[in-house]
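Beneath this line is the structure, given in structure tokens, with notes to follow.
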Amino acid sequence: VFVLGGKRGWASIKYSGIFDLRALLNAMNGYLRSKKYTPVQVEHSEKVTPSGREVIFEIQPFRDVTEYVRFNIDIVIVILRMVDVLVEEQGHKIKKQKGDVEFMLKASIKKNWKKTFSPAPSGEFFRKTYEKYIVKKHLAGYEDKLEAEAKELINQVKDVFHSFRE
């Protein structure tokens, strides 16, 4: 199984300062939609604390690439000490957010996701033979493609954060 982040865990971006939560979510969802991912929201929780709101988003988009290969991306966004602030842009006051954001991503390939090959010993033999001799090059290409898509999503998120640094 290919996993971006691999054994070390999650690819992570940490940001502290002013940001636009709506712009962040729109950029992420727009990118996933453009790549034909089906989003599955696992968690969205908010908790009010004296230092601000704590917000957690957990999303698990997936895309069926073939009848045998599925791309899975796990995204967790944790925002601590989030407060709304008014920022002046081009002479207008606009509501933004200020806080500490951690964007975590893990991308993986799920093979045999439709259970084409049964988990019985004979099915496992045929699955391993299929992967090792028939579709080996294709599977390696899918790993590269998923890694590129995950890195592109990370860059989209970085661009949203960098737009507020200026």
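Small disclaimer: the values here were computed from a predicted structure and weren't measured. These numbers come from the heavy atoms of this one structure, side chains and all, not from hydrogens, waters or symmetry mates.
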>> Quick check on the hydrophobic clustering: are Ile134 and Ile109 connected, directly or via other members, by side-chain heavy-atom contacts under 4.5 Å?
In response: yes
>> Would a single hydrophobic cluster contain both Tyr37 and Trp113, if residues Ile, Leu, Val, Met, Phe, Trp and Tyr are joined by side-chain heavy-atom contacts under 4.5 Å?
In response: no
> For His44, what residues pass the ring pair (Phe, Tyr, Trp, His ring centres under 6.0 Å) criterion, not counting sequence neighbours?
Replying inline: Phe57
>> Restricting to non-hydrogen atoms, name the atom on Gly52 and the atom on Val83 that form the minimum distance, rounded to 0.1 Å.
In response: CA-CG1, 4.0 Å
>> Can you give me the closest heavy-atom contact between Met104 and Ser12, atom names plus distance?
In response: CG-OG, 3.9 Å
Working to the nearest 0.5 angstrom, can you tell me the gap between [X] [atom1] and [Y] [atom2]?
X      : Y      : atom1 : atom2 : result
Ser118 : Glu124 : OG    : CD    : 8.0 Å
Gln60  : Thr38  : CD    : OG1   : 13.0 Å
Glu152 : Ser34  : CD    : OG    : 7.0 Å
Gln156 : Lys151 : CD    : NZ    : 15.5 Å
Tyr31  : Asn155 : OH    : CG    : 9.5 Å
Tyr15  : Ile18  : OH    : CD1   : 7.0 Å

pair [X]-[Y]: side-chain heavy atoms closer than 4.5 Å:
X      : Y      : result
Leu105 : Val157 : no
Ile79  : Glu102 : no
Ile59  : Ile73  : no

Non-neighbouring partners of [X] that pass side-chain contact (heavy atoms from CB on, under 4.5 Å), sequence neighbours left out:
X      : answer
Thr66  : Tyr68, Val69, Tyr142
Ser45  : Glu43, Ile56
Lys132 : none
Lys145 : Arg63, Phe71, Glu149

Without placing hydrogens or testing angles, list every side-chain donor-acceptor pair under 3.5 Å for residues 19-29, not counting sequence neighbours.
residue	atom	partner	partner atom	Å
Asp20	OD1	Arg22	N	3.1
Asp20	OD1	Ala23	N	3.4
Asp20	OD2	Lys96	NZ	3.3
Asn26	ND2	Arg22	O	3.3
Asn29	ND2	Leu25	O	3.2

> Which residue pairs pass the salt bridge (charged side-chain N to carboxylate O under 4.0 Å, His left out) test with at least one member in residues 32-41, sequence neighbours excluded?
Replying inline: none
> So which pairs with a foot in residues 64-80 pass salt bridge (charged side-chain N to carboxylate O under 4.0 Å, His left out), sequence neighbours left out?
Replying inline: Asp64-Arg70, Glu67-Lys114
>> Run the side chain to side chain contact (heavy atoms under 4.5 Å, CB included) test on Val78 and Phe103 for me, step by step, so that the C-alpha distance in whole Å, both residues' side-chain angles and the decisive distance to 0.1 Å come before the verdict.
In response: CA-CA 7 Å; Val78 178; Phe103 180 91; over 6 Å; no
> Apart from Val42 itself, which Ile, Leu, Val, Met, Phe, Trp or Tyr residues share its cluster (side-chain heavy atoms under 4.5 Å, direct or through members)?
Replying inline: none
> If you link I, L, V, M, F, W and Y whenever their side-chain heavy atoms are under 4.5 Å apart, who else ends up in the same group as Phe62?
Replying inline: Val40
> Is the shortest side-chain N to carboxylate O distance from Glu131 to Lys111 below 4.0 Å?
Replying inline: yes
> Given Asn72 and Leu146, is the side chain to side chain contact (heavy atoms under 4.5 Å, CB included) satisfied, shown in steps?
Replying inline: CA-CA 9 Å; Asn72 293 318; Leu146 177 61; over 6 Å; no
>> Could you work out, with salt bridge (charged side-chain N to carboxylate O under 4.0 Å, His left out) as the rule, every residue matching Glu58, not counting sequence neighbours?
In response: none
Determine all donor-acceptor pairs shorter than 3.5 Å in which one atom belongs to a side chain in residues 84-95; sequence neighbours excluded.
residue	atom	partner	partner atom	Å
Asp84	OD1	Arg53	NH2	3.2
Asp84	OD1	Gln97	NE2	3.4
His92	ND1	Gln90	O	3.1

> Using the benzene-type ring in the case of Trp, are the ring centres of Phe117 and Phe126 under 6.0 Å apart?
Replying inline: no
>> Any side-chain to backbone donor/acceptor pair from Thr129 onto Phe125? Under 3.5 Å, distance only.
In response: yes
